[in-house]
**Q** 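Structure provided below as structure tokens; questions to follow.
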Amino acid sequence: MIDINLIRENPQFVKENIKKKFQDKKLDLVDKIIALDKTKREYQQEGDKLRAQRNELAKKIGSLMREGKKEEAEAIKKQSVENNERVAELEKLTAAAEAELKTAMMAIPNIIAEDVPIGKDDSQNVEGKVFLEPKQKSFDIPYHLDILESLNGIDLDSARRTSGNGFYYLVGDIARLHSAVLSYARDFMIDKGFTYCIPPYMIRSDVVSGVMSFEEMEGMMYKIEGEDLYLIGTSEHSMIGRFMGTVLSENSLPQTLTSYSPCFRKEKGAHGLEERGIYRIHQFEKQEMIVICKPEESEYWYEKLWNYTVELFTSMEIPVRQLICCSGDLADLKYKSCDIEAWSPRQKKYFEVGSCSNLTDAQARRLGIRYKNSKTGKNEFAHTLNNTVVAPPRMLIAFLENHLQEDGSVYVPPVLRPYMGGREKLVPKK
RNA sequence: GCAGAGAUGGCGGAGUGGUCGAACGCGCACGACUCGAAAUCGUGUUACGGGCAACUGUACGGGGGUUCGAAUCCCUCUCUCUGCGCCA
């Protein structure tokens, strides 16, 4: 959500921003908001005036009663009752206008950064920096499920029986590798000065509706039957929810947090050949980073965050690149965003393994995350950012494809060995 | 899960229908004193919204109700504490 003052003062600027995102359908919304805002204030002003009168009358009644002038008091009561009818009416009108205004405001996209490339959709995203040259392989890389099976690392048949499509059993060395990657990523972030958190894996509906739109909720979130609880789709949900409606002291910023959680997603409507296997699934685990900082620092942290992910992947000797999200592909809450993509030697292309976003104050405004600015003495909205550290098992696809050797073994890079009992490679069974 | 008690500003904590946006204390800010500081004294200090302003509205865990008027009474939800029960 953007600041309504920006729409009042500079509607043209807001419209330009909407055009940049190719959402021309929303241009009329800006004028609608200006009109709604005006009516809302008119209702509010009339209501305020009447309420002021009511307060005064109530005071008068109080003093008359104390003096024992009952009849006079009764007369004023009557007047007040009439007054209250109009107040109730205005309250309804104001609430309705406010609700409509809020819905419209939610649909207005955040102002995007000046350096966001302009483009219609994901086909126009722009390649940023590339890290590590992909190694030329002298043999064909099999589909990741085949690699997993050769290592006796996965049991999808049983998972389909117990839980259905989109679930998996990871087994043996692969299960251990999965945990090793998460543990290494956790320690990596702790070494960068981040605070490690394990958040709740279920959150209430008011938190869910705070962090996402109704449509997103329908398509993603699993609800617990008979409870007002949802399984989180990412730890960002509970991590950001932690700060809802709070005022942080300035010296507690920046909050640099790294959280671990399983993530649960319905993935409604997702399909496609490359999404078989463990690419798109209902349950995975993720190490995440979250930063809440002062507005002037969010650009700095954005650069830092995505570079941490790059550093983590290159330390595991996996080639990655940054893919800069273009204006049309940028979610409405985002100021700027980029994906970190890992090289797939089998597909000979990069695929997404993480996503870094600076939401500026849009998320904070929506959720009421503020800090006390010592210079102005005011409570102001903080900036929020989030980024994937690493999310297995999807990340394991990149790992296995890049580290598979011609003899069928899988190379374990030195940084992971302490978490793998010193193993230097995984060897196929049989 | 059952029973009882409770939820008030940045914090502690008064307040049980009108004079309460809230005593008092702590903290914080500014000023005085001082060569400087501590101590002391004085002043200020809830948030959000509307209005050019004067000013004004709303909010005492959330929601609803009673009343001319609710921090205060009623209903409901959430959370906390104490005891019991259950459990890795």
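What you are looking at is a predicted structure, and each value in this text was computed from that prediction instead of being measured. Naming: A, B, ... by sequence-line order, numbering from 1 per chain.
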**Q** Using the six-membered ring wherever Trp is involved, compare the ring planes of A:His282 and A:Tyr222 and label them parallel, tilted or perpendicular (cut-offs 30° and 60°).
**A**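 Perpendicular, since the angle between the ring planes exceeds 60°.
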
**Q** Any base atoms under 4.0 Å from A:Arg365, or only sugar-phosphate, or nothing? Heavy atoms, all strands.
**A**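 No contact at all - A:Arg365 keeps every heavy atom at 4.0 Å or more from the nucleic acid.
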
**Q** Does RNA chain B take part in any stems of at least 3 consecutive Watson-Crick or G-U pairs (both distances under 3.5 Å), and if so, which ones?
**A**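 Result, WC/G-U stems under 3.5 Å: B:1-7 with B:78-84, B:10-12 with B:24-26, B:27-32 with B:40-45, B:46-50 with B:55-59, B:61-65 with B:73-77.
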
**Q** Any salt bridge between A:Glu42 and A:Lys38, counting N to O under 4.0 Å?
**A**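 Looking at A:Lys38 together with A:Glu42, the answer is yes, because their closest N to O distance falls below 4.0 Å.
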
**Q** Within a radius of less than 6.0 Å around CD of A:Glu56, do more than 12 heavy atoms belonging to other residues, nucleotides or ligands occur?
**A**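 Counting other residues, nucleotides and ligands, CD of A:Glu56 stays at 12 neighbours or fewer.
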
**Q** Does a donor on one side chain and an acceptor on the other come within less than 3.5 Å for A:Thr234 and A:Lys286?
**A**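 Checked: A:Thr234/A:Lys286 side chains pair up, N/O donor to acceptor below 3.5 Å.
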
**Q** Reading RNA chain B in the 5' to 3' direction, which nucleotide is the first one with an atom under 4.0 Å from a heavy atom of chain A, and which is the last?
**A**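 The contacted stretch runs from B:G18 to B:C79.
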
**Q** Can you check the distance between B:G9 and B:A38, where both ends of the measurement are the C1' atom (answer in whole Å)?
**A**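 B:G9 and B:A38 have their C1' atoms separated by 29 Å.
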
**Q** If you measure from the C1' atom in B:U56 to the same atom in B:A5, how many Å do you get, rounded?
**A**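 Per the computed distance, 39 Å lies between those C1' atoms.
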
**Q** Should the heavy atoms of other residues, nucleotides or ligands under 6.0 Å from CD of A:Glu296 be counted, would the total exceed 12?
**A**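 Atom CD in A:Glu296 is crowded, with more than 12 foreign heavy atoms closer than 6.0 Å.
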
**Q** Could you measure between the two P atoms, the one in B:G63 and the one in B:U72, and give it in whole Å?
**A**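 Approximately 13 Å lies between the P atom of B:G63 and that of B:U72.
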
**Q** Can you tell whether the side chains of A:Arg41 and A:Asp37 come within less than 4.0 Å, N to carboxylate O?
**A**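 Yes.
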
**Q** Distance between the P atoms of B:G13 and B:G6, in whole angstroms?
**A**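 Those two atoms are separated by 14 Å.
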
**Q** Quantified in whole Å, what is the P atom distance between nucleotide B:A22 and nucleotide B:U78?
**A**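 It comes out at 33 Å once rounded to the nearest Å.
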
**Q** Between A:Lys334 and A:Ser357, is any side-chain donor less than 3.5 angstrom from a side-chain acceptor?
**A**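 Yes.
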
**Q** Measuring only the C1' atom in each nucleotide, how far is B:C86 from B:U67? A whole number of Å is fine.
**A**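 Per the computed distance, 45 Å lies between those C1' atoms.
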
**Q** Does A:Ile61 reach a base, just sugar-phosphate, or nothing at all? Heavy atoms under 4.0 Å.
**A**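 Touches a base.
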
**Q** Could you identify which residues of residues 227-256 of chain A place a heavy atom less than 4.0 Å from some atom of RNA chain B, listed by residue number, or say none?
**A**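 Close to the strand, none.
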
**Q** If you measure from the Lys or Arg side-chain nitrogens to the Asp or Glu carboxylate oxygens, is any gap between A:Asp48 and A:Arg51 under 4.0 Å?
**A**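 Answer for the salt bridge query: yes.
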
**Q** Which distance, rounded to the nearest 0.5 Å, do you find between the CG of A:Asp361 and the CG of A:Leu333?
**A**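 Taking CG in A:Asp361 and CG in A:Leu333, the distance rounds to 9.5 Å.
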
**Q** Hey, does the side chain of A:Lys20 reach the backbone of A:Ser327 with a donor-acceptor pair shorter than 3.5 angstrom?
**A**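 Side chain of A:Lys20 to backbone of A:Ser327: no pair is present.
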
**Q** Using the closest heavy atom to pick a nucleotide of RNA chain B for each, name whichever of A:Lys59 or A:Glu380 lands nearer the 5' end.
**A**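 Comparing both residues, the 5'-ward one is A:Lys59.
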
**Q** Please compare A:Lys49 and A:Ser80 by the position of their nearest nucleotide in RNA chain B and report the one closer to 5'.
**A**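 Closer to the 5' end of RNA chain B: A:Lys49.
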
**Q** Looking across every strand, which nucleic acid part, if any, lies under 4.0 Å from A:Asn83 by heavy atom: base, sugar-phosphate, or nothing?
**A**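 A:Asn83: no heavy atom of the nucleic acid under 4.0 Å.
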
**Q** So what does A:Asp206 hit on the nucleic acid, given a heavy-atom distance under 4.0 Å: a base, only sugar-phosphate, or nothing?
**A**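 Counting heavy atoms under 4.0 Å across all strands, no contact is made by A:Asp206.
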
**Q** For B:A32 versus B:G17, give the span between their C1' atoms, rounded off to a whole number of Å.
**A**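 B:A32 and B:G17 have their C1' atoms separated by 44 Å.
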
**Q** Using a strict threshold of under 4.0 Å (side-chain N to carboxylate O), is an ion pair present between A:Glu299 and A:Lys336?
**A**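 Yes, charged N to carboxylate O under 4.0 Å.
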
**Q** Kindly indicate, with the supporting measurements, whether the criterion salt bridge (charged side-chain N to carboxylate O under 4.0 Å, His left out) is fulfilled by A:Lys425 and A:Asp173.
**A** CA-CA 10 Å; A:Lys425 60 180 180 176; A:Asp173 288 343; over 6 Å; no

**Q** Which whole number of Å gives the distance between the P atom of B:C24 and that of B:U45?
**A**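 Looking at atom P only, B:C24 and B:U45 are 12 Å apart.
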
